Engineer: 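Have a look at this one before I ask anything.
Every value quoted in this text rests on a predicted model; they were computed, and no experiment measured them. Every chain is numbered from 1, with letters handed out A, B, ... down the list of sequences.
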Number of protein chains: 2
Amino acid sequence: MSARDQLTAAMAELLWERGYAATSPRDVMARAGVGQGSMYHHFGGKHDLAVEAFSAVAEEMAAASSPLDGDGSPLERMKRYLAIPRAGTRGCRVGRMTQDPQVVADPELLAVVAGAFDAMLARWERAIAEAVTAGELPASTVPADLARTLSAVLQGGYVLARAKGSQEPMDAAVRGALSLLDAAHAAARTSDPPD
Amino acid sequence: MSARDQLTAAMAELLWERGYAATSPRDVMARAGVGQGSMYHHFGGKHDLAVEAFSAVAEEMAAASSPLDGDGSPLERMKRYLAIPRAGTRGCRVGRMTQDPQVVADPELLAVVAGAFDAMLARWERAIAEAVTAGELPASTVPADLARTLSAVLQGGYVLARAKGSQEPMDAAVRGALSLLDAAHAAARTSDPPD
DNA sequence: GTCTATATGTGGATAGAC
DNA sequence: GTCTATCCACATATAGAC
């Protein structure tokens with residue numbers, strides 16, 4: 001593994017553990033096991049290194065929402081994706097960035113964050129629209145709205161889990177969302193039969 | 001206004017704008033318009049000042065959930081509370097703290113954050129339980145779960161809004177949640193008549 | 001390419017005058 | 001009580017040797 005790769009890997013880890021502002025070039029070099037010269041040879045500085053390291057993380061996260069595009073009924077895919085285990089107290093690697101003032105003030109970093117969310121929300125919207133077409137959700141459902149609601153449940157779940165230092169609030173938030181989706185499913189069958 | 005009050009007010013503002021780690025004693029003193037001596041006379045340091053300033057903020061936030069205890073039908077109270085305007089791009093003054101590594105690592109500060117959420121979640125749970133009793137929500141509803149789901153929608157709404165630098169995702173997330181609650185309400189009437 | 005040495009600013013706090 | 005002066009450590013980056 002090249003020094004360059006060691007640096008991006010170390011930066012990605014530290015961005016998750018400590019956030020952008022709280023991560024110093026020193027920390028990164030120490031974890032990567034390289035000297036200062038290497039870092040400033042390969043990157044313009046902390047900012048450049050963070051952009052490159054975090055872009056990879058963001059793509060990875062966006063790809064992680066692919067189960068929403070998978071096989072099976074749309075509603076089942078949505079519920080399965082919600083139920084994927086998530087370590088709440090560690091926080092979301094992407095969502096956490098939005099609370100870092102230095103990230104939000106940095107157009108380049110913020111664009112990477114926004115892009116990752118856009119990709120995920122697009123997948124949500126497609127799955128939801130398909131569920132409506134299939135009669136699994138009420139015809140009155142607004143895919144763009146529900147996509148943001150369900151994405152927010154996950155992001156908020158991380159916040160609640162970290163506030164309590166416990167996994168439980170995250171799991172509870174997901175259970176509640178699944179229950180609401182079941183209710184919406186029941187409402188769709190009652191008032192709006194698909195066939 | 002005493003120097004002490006100026007300091008706590010300035011710290012509360014800066015905690016919101018920049019977070020804990022990114023706020024230096026210098027910043028606080030400059031905004032408060034006092035010298036360094038004043039700060040170290042009244043407080044042991046940045047930490048002590050932050051605890052005192054943030055405790056006031058947390059109490060204020062917890063009190064802001066009182067509409068959940070108000071008059072009217074429980075479900076109506078829940079919907080009204082969700083629909084209260086929230087400036088998404090500014091983030092939640094309490095929730096934002098959970099993404100700050102220095103806050104989570106500080107038991108005293110984290111306890112203040114956790115306490116604020118506990119108070120809010122307790123109000124949610126009460127209102128939800130009342131809605132179930134009144135037959136406005138399905139009997140199968142788990143108040144503790146749904147409370148965390150709806151609280152997460154709001155917290156996640158802030159995250160999405162900041163990621164996009166726009167109010168819209170927050171409003172969309174709330175609309176989607178209201179729509180799900182309507183579906184749950186419809187399901188309760190269909191399968192579980194209150195009288 | 002990678003290293004060590006060095007420079008400049010700031011974070012957080014203490015000392016002690018007024 | 002409030003101020004200014006000062007201190008040490010660290011963040012971030014540059015210079016230049018190997």
Engineer: Please report, rounded to the nearest Å, how far the P atom of D/dA11 is from the CE atom of A/Met11.
Structural biologist: 13 Å
Engineer: Can you list, in residue-number order, the parts of residues 14-30 of chain B that come under 4.0 Å of DNA chain C, counting heavy atoms only?
Structural biologist: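 Within this stretch, B/Thr23, B/Ser24, B/Pro25, B/Arg26 sit under 4.0 Å of the strand.
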Engineer: Output the rounded distance in Å from CZ (A/Phe43) to C1' (D/dA11).
Structural biologist: 19 Å
Engineer: Does a nitrogen or oxygen in the side chain of A/His41 sit under 4.0 Å from OP1 or OP2 of C/dC3?
Structural biologist: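 Negative; the distance criterion is not met.
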Engineer: Which pairs with one or both residues in residues 88-105 of chain A pass side chain to side chain donor-acceptor pair (under 3.5 Å), sequence neighbours excluded?
Structural biologist: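 Sorted result for residues 88-105 of chain A: A/Glu60-A/Arg93.
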Engineer: Taking atom C1' of C/dT2 as reference, at what distance in whole Å does atom CE of A/Met1 sit?
Structural biologist: 18 Å
Engineer: So that I can tick it off, tell me whether B/Arg77 and B/Asp69 are bridged by a salt bridge, with the cut-off set at under 4.0 angstrom between side-chain N and carboxylate O.
Structural biologist: no
Engineer: For the pair made of CE in B/Met39 and P in C/dG11, what is the distance, rounded to whole Å?
Structural biologist: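 One finds 12 Å between P of C/dG11 and CE of B/Met39, rounded.
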Engineer: I need the full list of salt bridge (charged side-chain N to carboxylate O under 4.0 Å, His left out) pairs touching residues 40-58 of chain A, with sequence neighbours left out, sorted by first then second residue.
Structural biologist: A/Arg4-A/Glu52
Engineer: Can you find a pair of side-chain heavy atoms, one from B/Met39 and one from B/Gln36, that are under 4.5 Å apart?
Structural biologist: no
Engineer: Starting at atom OH of A/Tyr40, determine the distance to atom C1' of D/dA13, rounded to an integer number of angstrom.
Structural biologist: 5 Å
Engineer: Heavy-atom contacts under 4.0 Å between residues 44-57 of chain B and DNA chain D, which residues?
Structural biologist: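 Under 4.0 Å from DNA chain D: no residue of residues 44-57 of chain B.
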Engineer: Quick one: does B/Gln36 reach the base of D/dA5 with a side-chain donor-acceptor pair under 3.5 Å?
Structural biologist: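 It does, because a donor-acceptor pair links the side chain of B/Gln36 to the base of D/dA5 below 3.5 Å.
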Engineer: Whether the B/Ser24 and B/Asp27 side chains hold a donor-acceptor pair (N or O, under 3.5 Å, no angle test) is what I'd like checked.
Structural biologist: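 Yes, side-chain donor-acceptor contact under 3.5 Å.
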Engineer: Under 3.5 Å, sequence neighbours excluded: what are the donor-acceptor pairs made by side chains of residues 177-184 of chain A?
Structural biologist:
residue: A/Asp182; atom: OD1; partner: A/Lys79; partner atom: NZ; Å: 2.6

Engineer: Measuring from B/Thr8:OG1 to B/Glu13:CD, what's the distance to the nearest 0.5 Å?
Structural biologist: 10.0 Å
Engineer: Taking the side chain of B/Val34 as its heavy atoms from C-beta onward, which of D/dC3, D/dT12, D/dG1 lies nearest to it?
Structural biologist: D/dC3
Engineer: Please list, chain by chain and in numerical order, all residues satisfying side chain to side chain contact (heavy atoms under 4.5 Å, CB included) with A/Ala152, sequence neighbours excluded.
Structural biologist: B/Leu160, B/Ala173
